[in-house]
Structures are given as structure tokens and as C-alpha cells.
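Small disclaimer: the values here were computed from a predicted structure and weren't measured.
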Amino acid sequence: MIDNLWFIAVALGPVLLGAAFVYAMMRRRRLTRSEEVGQDAAIQDLYEKPSRRT
């Protein structure tokens, strides 16, 4: 019984983890060009604002 548990943990664990990683990479959505422009503008605004912390 304990040998089967170790087989699952050692052999199937990394396979399942790799499958989850591949699934997540396939589901990742790319930004459209207009979203990229808006994101870049928002980042520039954040860098140009004076910080309220002192």
C-alpha cells in the first residue's frame, strides 16, 4: 500500500503539475494592441505622479 502511495507522489505528481502548467499557459490571454497602449499610458501616469509618501 505504501509503495503505491510513493509511486503516485513521485511519478504522477510531477506529471500532474506539468499538465496544470501547460493548461495555464494555454489559457493565458494576450492583450490587444489598444489594451497594451492603455496599460503603457497608465504606467507612465503612475511614474509621473509625485509620490504622496515622504
Side-chain angles (χ1 to χ4, degrees):
M1 177 65 183
I2 197 78
D3 292 335
N4 293 337
L5 182 61
W6 275 112
F7 174 74
I8 291 171
V10 172
L12 296 181
V15 171
L16 291 175
L17 186 61
F21 180 75
V22 168
Y23 176 75
M25 293 300 292
M26 288 176 27
R27 297 280 302 166
R28 196 173 92 185
R29 186 178 74 86
R30 300 277 182 194
L31 294 178
T32 63
R33 183 67 188 141
S34 61
E35 289 172 333
E36 285 182 13
V37 169
Q39 183 182 42
D40 290 342
I43 291 170
Q44 286 297 345
D45 288 344
L46 286 174
Y47 277 109
E48 291 173 359
K49 277 186 181 178
S51 177
R52 291 186 182 188
R53 288 182 171 174
T54 55

Distance-minimising heavy-atom pair for Pro14 and Ala9: CD-O, 3.8 Å
Over all atoms of both residues, closest heavy-atom pair of Arg30 and Glu35: O-OE1, 4.4 Å
Which residue, Val37, Leu31, Thr32, forms the side chain to side chain contact (heavy atoms under 4.5 Å, CB included) with Ser34? Thr32
Val22/Met26 under side-chain contact (heavy atoms from CB on, under 4.5 Å): CA gap, chis, key distance, verdict: CA-CA 6 Å; Val22 168; Met26 288 176 27; 3.9 Å; yes
When Ile, Leu, Val, Met, Phe, Trp and Tyr are grouped by side-chain heavy atoms lying under 4.5 Å apart, directly or through other members, which residues fall in the same group as Ile43? Tyr47
